[in-house]
Amino acid sequence: MRRSPSPLALLFCSAPCQAWPGTMRLWVCIALLSTVLCASADRPRIVQGAIRAGQFVRDAARGSWDMYRAYRDMREANYRGADKYFHARGNYDAARRGPGGAWAARVISDARENWQGRVSGRGAEDTRLDQEANRWGRNGGDPNRYRPKGLPKKY
């Protein structure tokens, strides 16, 4: 009495594989070996450059989001004297993303301070202190250095 093949065997073994029983195993081994070799092979420089550029852009986008989140929290908190803390925190979070995040933090901070220096009229001293907090955060300094007493723990 002849048994019919299981549905799983029919799925993985077509008629040519049944003609040569070891063929399917051979092709699976070749596919796995190719995957391992391709994953560990050195990539061409142009591909490595494209990957690094993609990572930079991703880090910059996420760093921009970190900067926006700190700005949003600053507006929500509306706490007197907390702006330096939020500047430092936004730059710190963005810079931790990598080179792209640090670049985004620097560009956004400089643009914001240049705009505020011309429009807000807060003065050169406030702009200088803001930039100091920006650099402190971007260089990995603890943003809590600028945290004012009484700021809710939420921030």
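All of these numbers come straight from a predicted model, not from anything done at the bench. Values reported hereafter were calculated over all heavy atoms of this structure, with side chains retained and with hydrogens, waters and symmetry mates removed.
- Here Met74 contributes atom CE and Leu151 contributes atom CG; the two are 12.0 Å apart, rounded to the nearest 0.5 Å.
- Remark: His87 NE2 to Asp83 CG distance equals 4.5 Å, nearest 0.5 Å.
- In summary, Asp59 and Arg62 do not engage in a salt bridge, as defined by a charged side-chain N under 4.0 Å from a carboxylate O.
- Between the side chains of Arg112 and Asn134, at least one donor N or O lies within less than 3.5 Å of an accepting N or O.
- Applying the salt bridge (Lys or Arg N to Asp or Glu O under 4.0 Å) test to pairs two or more places apart or on separate chains, those with a residue in residues 144-155 are Glu76-Lys154.
- Both Tyr79 and Phe86 are part of a single hydrophobic cluster, where members link through side-chain heavy atoms under 4.5 Å apart.
- Counting all heavy atoms, side chain and backbone alike, Ala94 lies closest to Gly63 at CB-O, 3.5 Å.
- Closest non-hydrogen pair, Ala60 versus Ala104, comes out as O-CB, 3.5 Å.
- Listed for the Trp136 side chain is a donor-acceptor partner under 3.5 Å among the backbone atoms of Asp142.
- In this structure, Tyr146 OH and Asp130 CG are separated by 10.0 Å, a value rounded to the nearest 0.5 Å.
- Atom OH of Tyr71 has 12 or fewer heavy atoms from other residues, nucleotides or ligands within 6.0 Å.
- Note on Arg128 versus Glu125: salt bridge recorded, some NZ/NE/NH1/NH2 to OD/OE distance being below 4.0 Å.
- A donor-acceptor distance shorter than 3.5 angstrom exists from the side chain of Tyr85 to the backbone of Tyr155, with no hydrogens or angles considered.
- Arg69 has its side chain within reach of Asp66: a pair of non-hydrogen atoms, C-beta onward, lies under 4.5 Å apart.
- Side-chain atoms of Asn139 never come within 3.5 Å of backbone atoms of Gly141 as a donor-acceptor pair (strictly under, hydrogens ignored).
- Met67 and Ser109 get closest at one heavy-atom pair: CE-OG, 3.4 Å.
- Between Arg138 and Asp93 there is no salt bridge, since none of the side-chain N atoms of the basic residue sits less than 4.0 Å from a carboxylate O of the acidic one.
- Nearest heavy-atom pair, Ala70 versus Gly90, reported as atom, atom and distance to 0.1 Å: CB-CA, 3.5 Å.
- Cluster annotation: Trp65 is not connected to Ile108 through the hydrophobic network of ILVMFWY side chains, with a link wherever side-chain heavy atoms come within less than 4.5 Å.
- Salt bridge Arg89/Asp73: present, at least one basic N to carboxylate O contact under 4.0 Å.
- With rounding to the nearest 0.5 Å, the separation of CZ in Arg135 from CD in Glu132 is 7.0 Å.
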